[in-house]
Amino acid sequence: MDAAAIAGQQARRRIRPPEPLVMAAAPPTPAAFRCPISLEVMRSPVSLPTGATYDRASIQRWLDSGHRTCPATRLPLASTDLVPNLLLRRLIHLHAATLPPSPSPEEVLSQLAAADADGEPAAAEKAVRSLAAKIAPEKGKRASVASAVSADLDSAVPALLSFAKGGAGADARVDAVRVLATVAPELVSYLTGDGDGTEKRDRVNMAVEALAAVLSAEGIAEEAREALVLALLAEDLGRVVTTMLGAGANGAAVLEAILTSPVADADAKTAIADRPELFPDLVRILRDAASPAAIRCMAAAVQVRGRPARASMVRAGAIPALALAVAAAPTAAAESALRLLAEAARCGDGKAAIAADAAEVAAAVMGRMIRVGPAGREAAVVALWLSCCAGGGDRRMREAVASAPEAVGKLLVVMQGDCAPTTSRMAGELLRAVRMEQEKKGVASAYDSRTIHVMPY
């Protein structure tokens, strides 16, 4: 081989093969683009007077919960006005334009279904966040997301519900419900559709659970709730009520939302409150599931119809169920149950029903009286005063209240607390009735609270 050929071979060996083309990685998201509360990229950045910027939805929930400080700086807020940060919003949009194209709603729903089936909460949260971002007003893709979910309601809705109940963070769970809200009116047709059997019941229960989530969750636009209520009222109202009552606690939540909605007319609310099966089924739901929604629905029906609804509630056997709720339910539900007991005590049948279960009612009310808020304490005093003192009262209730542990001390706590003058007067009359019953039985009337320390009158 001559020298020229050898030189050519050596030159070819020195030529390096071309390197494969590598796509540049997406630029990292600047920390300033993320909300300090949700840690997600802000969709609508707004600033507080302290200068800190947050996503509007996150900071609004913070303010609505009663906080009056800046979450980041902990400084008190001179004003709760939210000023749009237009420059930061523009920068976020410019950054988003450099990112790879996002997957379609159909692809994201497939990812959510797979993550739900495989038990991968992180992947499920990512999919839910992606869908929620698409329905943001500035994205203009709400219709495409709704269309994708509607195309496969039977699998998409359960996956979204599963995440809404067990998702990682509160904001992410609200996002799942916001996606459900895009198709909630379409689920109404499941309630009155033809068919029977297990499959039909499963679809109805799924639809009712989704409707209850949309109507009761925080962070859902009021317009979405109102549109859903109007869609429900457009159906056969009798069938809707029957279906809801058969669906248990979720159905009670939906009926409560209708009864308290400003867009539902008085005739529709009256028709619901006058349904003969309403209170018996609500009492059943309360007994079976200890449902706060059942208590709230009863209260809404009484608010709508007044005396006729009170009488129906008493006839349905609500008093023992309400006493159990007072004793064991969460504070808000217990306060609602106390208000319903006070309403029942305003009619003769209600007083008789309370006296028939005097021991249980008195023990529940006295046991919870100082473990609720001011409104709950006032309702407790009113219920006991109407049963024990008004119009001569009932001897069985007076005896039961006098036998309750630390009855004197608890009534003194109410009297010396921050209560209305009328409530204080009622508590004083109850205190005198309790001491008279104790003296009749030879019980020492000396003040002994053991655990409650107030100055006796």
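Predicted model only: the values in this text are computed from it and were never measured.
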Any carboxylate oxygen within less than 4.0 angstrom of a Lys/Arg side-chain nitrogen, looking at [X] and [Y]?
X: E235; Y: R239; answer: no
X: E399; Y: R396; answer: no
X: E199; Y: R203; answer: no
X: D64; Y: R61; answer: no
X: D175; Y: R129; answer: yes

side-chain contact (heavy atoms from CB on, under 4.5 Å) evaluation trace for L63 with L77
CA-CA 10 Å; L63 296 174; L77 296 175; 3.9 Å; yes
Any side-chain heavy-atom pair of [X] and [Y] under 4.5 Å:
X: M206; Y: D154; result: yes
X: F279; Y: M298; result: yes
X: V46; Y: V83; result: no
X: V108; Y: V128; result: no
X: L232; Y: M244; result: yes
X: V188; Y: L228; result: yes
X: M426; Y: T422; result: yes
X: L255; Y: V241; result: yes

Walk me through whether M369 and L411 qualify under side-chain contact (heavy atoms from CB on, under 4.5 Å).
CA-CA 9 Å; M369 178 182 288; L411 289 171; 4.2 Å; yes
Could you tell me whether a side-chain N or O of [X] sits under 3.5 Å from a main-chain N or O of [Y], the two making a donor and an acceptor?
X: S424; Y: A420; result: no
X: W62; Y: I37; result: no
X: T270; Y: A266; result: yes
X: R398; Y: C388; result: yes
X: R377; Y: V372; result: yes
X: S312; Y: P308; result: yes
X: S336; Y: A332; result: yes
X: K200; Y: Y190; result: yes
X: R56; Y: R43; result: no
X: R371; Y: G367; result: yes

Mind running side-chain contact (heavy atoms from CB on, under 4.5 Å) on L384 and M366 for me, showing each step along the way?
CA-CA 9 Å; L384 293 177; M366 291 301 299; 3.4 Å; yes
Just verifying a value: how many Å separate [X] [atom1] and [Y] [atom2], rounded to the nearest 0.5 Å?
X: L48; Y: I59; atom1: CG; atom2: CD1; answer: 4.5 Å
X: T242; Y: D236; atom1: OG1; atom2: CG; answer: 8.5 Å
X: E429; Y: C389; atom1: CD; atom2: SG; answer: 6.0 Å
X: S261; Y: L215; atom1: OG; atom2: CG; answer: 8.5 Å
X: L259; Y: I272; atom1: CG; atom2: CD1; answer: 5.0 Å
X: L338; Y: L322; atom1: CG; atom2: CG; answer: 9.0 Å

Any side-chain donor paired with an acceptor under 3.5 Å for [X] and [Y]?
X: S387; Y: D394; answer: no
X: T198; Y: R201; answer: yes
X: D55; Y: S58; answer: no
X: H67; Y: S65; answer: yes

Kindly determine whether R315 and D349 satisfy salt bridge (charged side-chain N to carboxylate O under 4.0 Å, His left out), including the steps that lead there.
CA-CA 8 Å; R315 287 195 300 270; D349 290 344; 5.4 Å; no
Tell me whether R307 at atom CZ has more than 12 heavy atoms from other residues, nucleotides or ligands lying less than 6.0 Å away.
no
Neighbour count above 12 (heavy atom, 6.0 Å) for Q303 CD
no
Atom of [X], atom of [Y] and distance for their closest heavy-atom approach:
X: A427; Y: V381; value: N-CG1, 3.8 Å
X: V177; Y: A217; value: CG1-CB, 3.9 Å
X: A293; Y: A249; value: CB-O, 3.7 Å
X: R346; Y: V382; value: NH2-CG1, 3.9 Å
X: L187; Y: A210; value: CD1-CB, 3.6 Å
X: A334; Y: R368; value: CB-NH1, 3.5 Å

Only one of S47, S44, C35, S38 passes side-chain contact (heavy atoms from CB on, under 4.5 Å) with Y54, and that residue is C35
Checking side-chain contact (heavy atoms from CB on, under 4.5 Å) for the pair L180/L211: CA distance, chi angles, key distance, verdict?
CA-CA 8 Å; L180 282 173; L211 298 179; over 6 Å; no
